[in-house]
Amino acid sequence: LSEYEIYVNESGSFADTDPPSAVVSAVDTTTHTVTSSFNLANLAPYLSRGIAYRVSMRAVAVTGLKSDFSPPASFSF
C-alpha cells in the first residue's frame with residue numbers, strides 16, 4: 001500500500017478521471033504505522049461553509065493499482 005486518495009464533491013459521484021482533493025501517505029514516515037485517519041478540516045480552506053459535501057477515498061498500491069471508490073459519506077463545515 002502506497003497512499004490514499006481522498007475525493008470531495010457535492011454530488012457523491014466520483015469517476016476515475018476526477019483528480020483527488022488530497023493524497024495521504026499510507027504509512028506514517030515518523031512512526032512507521034499505517035495511516036488510519038485524515039482530518040477533513042485540512043480541506044476547509046478549499047471548501048465553502050454550509051454546503052453538504054460527499055467524501056470518498058481509494059487505496060493506491062505501490063504498483064499504482066487503485067481500489068474502487070469507498071461509499072461516499074457526507075459532511076459540512
Side-chain angles (χ1 to χ4, degrees):
L1 191 57
S2 174
E3 60 195 21
Y4 299 108
E5 295 178 338
I6 299 170
Y7 296 82
V8 176
N9 66 26
E10 293 178 45
S11 71
S13 179
F14 301 96
D16 288 335
T17 55
D18 294 342
S21 300
V23 177
V24 180
S25 177
V27 178
D28 184 308
T29 56
T30 305
T31 64
H32 304 288
T33 59
V34 175
T35 301
S36 60
S37 65
F38 176 78
N39 188 345
L40 291 173
N42 292 331
L43 298 176
Y46 310 101
L47 303 173
S48 300
R49 290 188 174 278
I51 294 176
Y53 289 102
R54 306 295 188 272
V55 61
S56 180
M57 59 186 293
R58 300 194 322 178
V60 182
V62 177
T63 61
L65 184 65
K66 297 181 181 186
S67 71
D68 291 336
F69 289 96
S70 67
S74 63
F75 74 98
S76 63
F77 292 108

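- Other residues, nucleotides and ligands contribute over 12 non-hydrogen atoms within 6.0 Å of the CG atom of Asn39.
- In this structure, Asp16 and Arg58 have side chains that are in contact, with non-hydrogen atoms separated by less than 4.5 Å.
- With values rounded to the nearest 0.5 angstrom, Phe77 atom CZ is found 11.0 Å from Ile51 atom CD1.
- Contact of the Ser74 side chain with the Arg54 side chain is registered, since non-hydrogen atoms from C-beta on lie closer than 4.5 Å.
- The two residues Ala52 and Ser76 come nearest to each other via the heavy atoms CA-CB, 4.2 Å.
- Of all non-hydrogen atoms in Ser21 and Val8, the two that sit nearest each other are OG-N, 3.3 Å.
- Residues Tyr46 and Phe75 do not share a hydrophobic cluster, defined by chaining ILVMFWY side chains whose heavy atoms lie under 4.5 Å apart.
- Listed here is the closest heavy atom pair of Val60 and Leu1: O-CD1, 3.6 Å.
- Side chains of Ser13 and Ser11: a donor-acceptor N/O pair is absent below 3.5 angstrom, by distance only.
- Contact detail for Thr30 and Asp28: the closest heavy-atom pair is N-OD1, 2.7 Å.
- Within the 3.5 Å criterion, the main-chain N or O of Ser70 finds a donor-acceptor partner in the side chain of Ser56.
- The distance between the ring centers of Phe38 and Tyr4 does not fall below 6.0 angstrom.
- You'll find the side chain of Val55 reaches within 4.5 Å of the side chain of Ile6, heavy atoms only.
- The distance from the OH atom of Tyr7 to the CZ atom of Phe14 is 9.5 Å, given to the nearest 0.5 Å.
- Residues Gly12 and Pro72 share a closest heavy-atom pair of O-CG, 3.7 Å.
- Both Leu47 and Leu40 are part of a single hydrophobic cluster, where members link through side-chain heavy atoms under 4.5 Å apart.
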